[in-house]
Amino acid sequence: MFKMRGLLLAISFIALQAMAGEQIVLTPSEQQWLRNHASVRARIFDYPPLNFWNDGPRGLSVDFAEAILGKVGVRVEYDHGVSWSQTLDDIRQHGGVDLLLNAKRTPERESYLLFTSDYLVFPWVIFTRIDERNVFDLDDLNGRVIAVENGFVLQQKLAQDFPKINQLAYENTRDALVAVATKKADAYIGNLSVVQYHIAQEGLTNIRVAAGTNLGSHTQAFAVRNDWPELASILNKGLASMTSEEQGAIRRKYTALEVRERLDLRLLIGILGGTLIFVGIFAYWNRRLASEIRLRSDAEVKLRTSERRLNEAQSIAHIGHWDLDLVTKELVWSDETFRIFE
């Protein structure tokens with residue numbers, strides 16, 4: 001019975017490879033692992049568009065996993081409704097979950113997880129309400145309340161690198177964004193694609209992209225329980241076997257929706273009005289300053305001309321002039337007076 005089951009799996013595996021058109025070459029140990037494991041357990045979170053539950057598992061990472069494991073004949077069994085922190089405990093103890101569909105590599109997690117190469121990359125971005133115009137980088141968030149997801153790697157990174165930022169933890173991205181929208185938090189730092197999805201789905205029209213960060217990118221990989229290196233290797237080979245067309249089709253399915261920041265007309269009018277006023281004031285003072293410079297220049301020319309003419313007249317008439325400062329007792333005389341008494 002066991003040999004028959006293994007033979008059927010091998011036949012189905014070969015057939016699936018032929019249908020996919022991209023061959024995954026497996027080692028004997030990987031083939032043996034496939035014969036021993038017809039399915040793996042994964043967990044779905046409320047983290048669209050990466051993975052979420054909507055009458056079943058949905059999302060980018062779900063489609064990637066199905067595309068790869070479908071090629072080798074492995075079925076994925078999903079559950080949901082469990083927190084991220086509890087899921088990390090479960091996979092550490094090899095209980096209830098075998099595969100994380102998307103996870104960020106960290107030194108601590110590498111002690112109990114095996115990671116594939118990154119297959120999703122998104123920038124970390126700062127989001128604020130549209131009436132907040134004073135946030136240009138992470139330093140502007142010092143002393144303010146920032147919504148974050150509990151247990152996510154960003155929570156640890158901010159605590160380490162930006163200790164002056166006050167974190168307010170929520171269980172998911174939606175709740176964190178709602179906290180910003182309702183003024184329970186001043187900002188949120190997160191995955192651009194994920195936040196765009198929630199803004200569109202929840203109608204959070206008072207949230208905008210405020211600034212980028214120097215935190216790098218939010219990279220995502222598959223993570224496997226550490227006693228299954230064969231599965232991690234199979235996933236890596238599966239990722240490598242996917243064509244750019246296959247990957248692009250999955251990404252377009254969930255990220256085709258673009259949410260562009262609307263330009264507030266009142267803000268635009270205010271900016272233009274303020275600019276025109278500034279230009280007008282600048283032009284007025286510029287003209288006034290130029291006029292004063294011309295007047296002073298003319299006065300200096302006239303003064304030098306007057307002094308030259310006075311000196312010439314005194315020289316012709318052989319007369320001079322002198323001044324005595326009664327306070328300082330300083331005596332000043334003209335050149336002609338000096339020559340007369342020389």
Side-chain angles (χ1 to χ4, degrees), residues 1-45 50-51 56-57 59-80 82 87-121 219-251:
M1 179 66 70
F2 180 80
K3 290 182 179 180
M4 180 61 69
R5 178 176 176 273
L7 178 61
L8 290 173
L9 281 172
I11 293 173
S12 62
F13 168 56
I14 293 171
L16 285 166
Q17 282 185 318
M19 292 170 59
E22 293 288 337
Q23 184 163 355
I24 302 175
V25 179
L26 301 178
T27 65
S29 62
E30 291 165 352
Q31 294 175 23
Q32 182 61 50
W33 186 92
L34 285 176
R35 287 192 288 269
N36 295 336
H37 301 89
S39 65
V40 295
R41 299 168 297 179
R43 191 159 284 167
I44 300 298
F45 301 94
L50 300 188
N51 66 81
L60 276 163
S61 54
V62 172
D63 285 11
F64 268 93
E66 294 285 350
I68 294 169
L69 294 178
K71 289 182 178 182
V72 294
V74 174
R75 185 178 72 258
V76 186
E77 299 175 350
Y78 301 96
D79 69 356
H80 64 103
V82 182
T87 297
L88 292 179
D89 289 338
D90 289 345
I91 198 170
R92 182 189 289 111
Q93 299 169 15
H94 305 163
V97 59
D98 308 312
L99 169 66
L100 300 180
L101 298 176
N102 48 272
K104 173 74 173 179
R105 184 192 307 270
T106 67
E108 189 269 335
R109 291 176 182 173
E110 286 181 320
S111 66
Y112 61 92
L113 291 173
L114 299 173
F115 287 86
T116 67
S117 57
D118 296 327
Y119 69 98
L120 295 174
V121 180
T219 56
Q220 297 286 284
F222 291 114
V224 178
R225 47 190 280 184
N226 61 5
D227 62 335
W228 283 1
E230 297 86 0
L231 177 57
S233 179
I234 291 169
L235 288 167
N236 259 329
K237 290 179 178 180
L239 285 170
S241 76
M242 293 183 71
T243 65
S244 57
E245 290 77 13
E246 287 177 305
Q247 295 190 31
I250 294 175
R251 290 189 173 94

Discussion item. Looking at Asn226 and Leu114, would you say the former's side chain and the latter's main chain have a donor-acceptor pair under 3.5 Å?
Written reply: no
Worksheet item: Which atom pair, heavy atoms only, marks the closest approach of Arg43 to Leu101?
Response: O-CD1, 4.3 Å
Discussion item. Counting C-beta onward and ignoring hydrogens, is there a side-chain heavy-atom pair between Tyr112 and Gln93 closer than 4.5 Å?
Written reply: no
Item to complete: Could you tell me the separation between the CD atom of Gln220 and the CG atom of Leu120, rounded to the nearest 0.5 Å?
Response: 6.5 Å
Practice prompt. Determine, stepwise, if the pair Val97 / Asp79 fulfils side-chain contact (heavy atoms from CB on, under 4.5 Å).
Written response: CA-CA 9 Å; Val97 59; Asp79 69 356; 5.9 Å; no
Discussion item. Main chain of Lys104, side chain of Arg109: is a donor-acceptor contact present, judged purely on distance under 3.5 Å?
Written reply: yes
Fill in: Residue pair Ser233, Glu30: steps toward the side-chain hydrogen bond (donor to acceptor under 3.5 Å, both in side chains) verdict
CA-CA 8 Å; Ser233 179; Glu30 291 165 352; 2.5 Å; yes
Worksheet entry | Verdict with supporting geometry, Leu239 and Gln247, side-chain contact (heavy atoms from CB on, under 4.5 Å) | CA-CA 9 Å; Leu239 285 170; Gln247 295 190 31; 5.6 Å; no
Worksheet item: Roughly how far, to the nearest 0.5 Å, is the CG atom of Leu50 from the CG atom of Asp63?
Response: 11.5 Å
Worksheet item: Between Phe222 and Tyr119, what is the ring plane arrangement, given parallel below 30°, perpendicular above 60°, and tilted in between?
Response: parallel
Item to complete: Assess whether side-chain contact (heavy atoms from CB on, under 4.5 Å) is satisfied between Leu99 and Leu69, documenting all intermediate values.
Response: CA-CA 12 Å; Leu99 169 66; Leu69 294 178; 4.3 Å; yes
Discussion item. Main chain of Pro57, side chain of Asn51: is a donor-acceptor contact present, judged purely on distance under 3.5 Å?
Written reply: no
Worksheet entry | Heavy-atom pair with the smallest gap, counting every atom of Glu66 and Val76 | OE2-CB, 4.1 Å
Fill in: Smallest separation among heavy atoms of Ala223 and Ile91, with atom names
O-CD1, 4.2 Å
Worksheet item: Is Arg105 reaching over with its side chain to a backbone N or O of Thr116, donor-acceptor style, under 3.5 angstrom?
Response: yes
Practice prompt. In sequence, state the C-alpha distance, the side-chain angles, and the governing distance for Val74 and Ile234, and then conclude on side-chain contact (heavy atoms from CB on, under 4.5 Å).
Written response: CA-CA 11 Å; Val74 174; Ile234 291 169; over 6 Å; no
Worksheet entry | Electrostatic pair Arg92-Glu108, nearest N-O below 4.0 angstrom | yes
Worksheet item: What pair of heavy atoms forms the shortest contact from Ile250 to Met242, and how long is it?
Response: CD1-CE, 3.8 Å
Worksheet item: Going from OG1 on Thr27 to CD on Glu230, what distance comes out if it is rounded to the nearest 0.5 angstrom?
Response: 7.5 Å
Practice prompt. Considering non-hydrogen atoms only, spot the tightest contact between Lys237 and Val25 and give its length.
Written response: NZ-O, 2.9 Å
Fill in: Contact summary for Ser241 and Glu246, nearest pair of heavy atoms
O-OE1, 4.0 Å
